[in-house]
Amino acid sequence: MPAPRDDDAPPGSATAAPAELVARLVELFRWVDPGPESGHLVSDVAGWWRDPEVLAGLGPALVAPFRVERPTVVVAPAVTGLLLGPLAATALGVGFVPALKPGDGRRPPGAVTWAQSPPDFRGRRVTLGIRDRHLGPGDRVLVVDDWVATGAQVRAIDEVCAARGATVVGVAAVAADCPPEVARELRIRALVDATRLT
């Protein structure tokens with residue numbers, strides 16, 4: 001029986017990423033208790049960035065399910081997206097555009113299209129913006145992020161892309177733990193099901 005192709009898996013499912021890469025992602029992940037002022041644990045993915053084999057494998061693995069969609073650009077939200085986005089874009093041979101957050105202290109030059117996300121898993125609304133001159137009609141966008149929980153930031157990016165005349169072809173994530181209906185709607189493909197990250 002032939003092995004399933006990445007593009008045969010349903011949206012929202014873990015992709016057929018190399019087993020060694022998935023094992024390293026699980027091994028290097030940690031949950032951290034930030035202290036008594038916080039009511040929840042925080043994901044620590046820094047081990048992923050420290051491992052050269054993980055870094056080398058992430059871009060190709062993230063984009064594999066979407067090659068058939070022929071993205072023309074990768075968009076990723078600040079902050080971890082600023083690392084993952086270029087890895088994915090390089091693997092595809094396309095450019096990268098960051099989705100900026102106004103609170104990071106940098107004011108982007110030129111016109112920016114902004115959108116506010118619906119509430120995320122903590123109830124926060126995140127504002128994201130993309131510089132107009134870097135995204136336009138005819139662009140086919142692959143959104144890339146390290147973790148998708150509710151899809152809130154993805155929805156904000158989708159709104160900006162629609163306003164600029166661009167089309168989102170899907171979402172590539174390292175880990176996802178969003179409800180299956182959200183994953184199907186947003187066309188999310190993850191390398192790791194977040195339930196494996198214990």
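In terms of heavy-atom proximity, A190 sits nearest to A175 at CB-C, 4.1 Å. Annotation for A91 and P60: closest pair CB-N, 3.6 Å, computed over non-hydrogen atoms. Contact record, P86 with G81: CD-O, 3.8 Å, taken as the closest heavy-atom pair. When every heavy atom of F121 is checked against every heavy atom of A149, the shortest pair comes out as CD2-CB, 4.2 Å. In plain terms, the two heavy atoms of G85 and V74 that are nearest each other are O-CG1, 3.7 Å. Heavy-atom minimum distance, V144 versus A88: CG2-CB, 3.8 Å.
The salt bridge (charged side-chain N to carboxylate O under 4.0 Å, His left out) check on R124 picks up D120, with sequence neighbours excluded. Take T113 and apply the side-chain contact (heavy atoms from CB on, under 4.5 Å) test, not counting sequence neighbours, and it matches D132, V160, A163, R164. Applying the side-chain contact (heavy atoms from CB on, under 4.5 Å) test to E53 and every residue at least two apart in sequence or in another chain returns D51. Taking the side-chain hydrogen bond (donor to acceptor under 3.5 Å, both in side chains) definition, one finds that D158 meets it with nothing, sequence neighbours left out. Partners of P98 by side-chain contact (heavy atoms from CB on, under 4.5 Å), not counting sequence neighbours, listed by chain and number: L82, F96, L100. Looking at residues two or more places apart in sequence or on another chain, you find no salt bridge (charged side-chain N to carboxylate O under 4.0 Å, His left out) involving E20. Scored by the side-chain contact (heavy atoms from CB on, under 4.5 Å) test, S38 finds P34, H40 as partners (sequence neighbours excluded). Take E69 and apply the salt bridge (charged side-chain N to carboxylate O under 4.0 Å, His left out) test, not counting sequence neighbours, and it matches R140. Residues forming a side-chain hydrogen bond (donor to acceptor under 3.5 Å, both in side chains) with T72 (at least two apart in sequence, or on another chain): D139. Judged as a ring pair (Phe, Tyr, Trp, His ring centres under 6.0 Å), and not counting sequence neighbours, the contacts of W147 are F29, W31. Taking T80 as the reference, D146 meet the side-chain hydrogen bond (donor to acceptor under 3.5 Å, both in side chains) condition, with sequence neighbours excluded.
Note that the CG atom of L197 and the CG atom of D177 stand 9.0 Å from one another [nearest 0.5 Å]. Atom CZ of R30 is separated from atom CG of L41 by 13.5 Å, given to the nearest 0.5 angstrom. Here the CZ-OG distance, from R155 to S117, works out to 10.5 Å after rounding to the nearest 0.5 Å. With values rounded to the nearest 0.5 angstrom, D145 atom CG is found 10.0 Å from L62 atom CG. Distance check: L92 CG to L142 CG gives 6.5 Å after rounding to the nearest 0.5 Å.
Annotation: R70, atom CZ; neighbour count of heavy atoms from other residues, nucleotides and ligands within 6.0 Å does not exceed 12. Applying the 6.0 Å contact sphere to CZ of R50 captures no more than 12 heavy atoms from other residues, nucleotides or ligands.
Between T150 and V182, every side-chain heavy-atom pair lies at or beyond the 4.5 Å cut-off. Using a 4.5 Å heavy-atom cutoff, the side chains of C161 and T167 are not in contact. Using a 4.5 Å heavy-atom cutoff, the side chains of Q116 and V126 are not in contact. Put simply, the side chain of W49 reaches to within 4.5 Å of the side chain of L84, judged on heavy atoms. Using a 4.5 Å cut-off on side-chain heavy atoms (C-beta onward), V174 and L25 make contact. For the pair V168 and V143, the minimum side-chain heavy-atom distance is below 4.5 Å. Here the side chains of F66 and V63 are not in contact, with every heavy-atom distance at 4.5 Å or above.
The stretch residues 73-93 participates, sequence neighbours left out, in no salt bridge (charged side-chain N to carboxylate O under 4.0 Å, His left out) pair at all.
Side-chain N or O atoms of K101 include one that pairs as donor or acceptor with a backbone N or O of A78 at under 3.5 Å. A donor-acceptor pair under 3.5 Å links the side-chain atoms of R131 to the main chain of P109, judged by distance alone.
When the side chains of ILVMFWY residues are joined at heavy-atom separations under 4.5 Å, either directly or via intervening members, V22 and L55 end up in a single hydrophobic cluster. Both L58 and V26 are assigned to one and the same hydrophobic cluster, defined by single-linkage of ILVMFWY side chains at heavy-atom distances under 4.5 Å. When hydrophobic clusters are built by joining Ile, Leu, Val, Met, Phe, Trp and Tyr residues whose side-chain heavy atoms come closer than 4.5 Å, directly or via intermediates, L21 is grouped together with L83.
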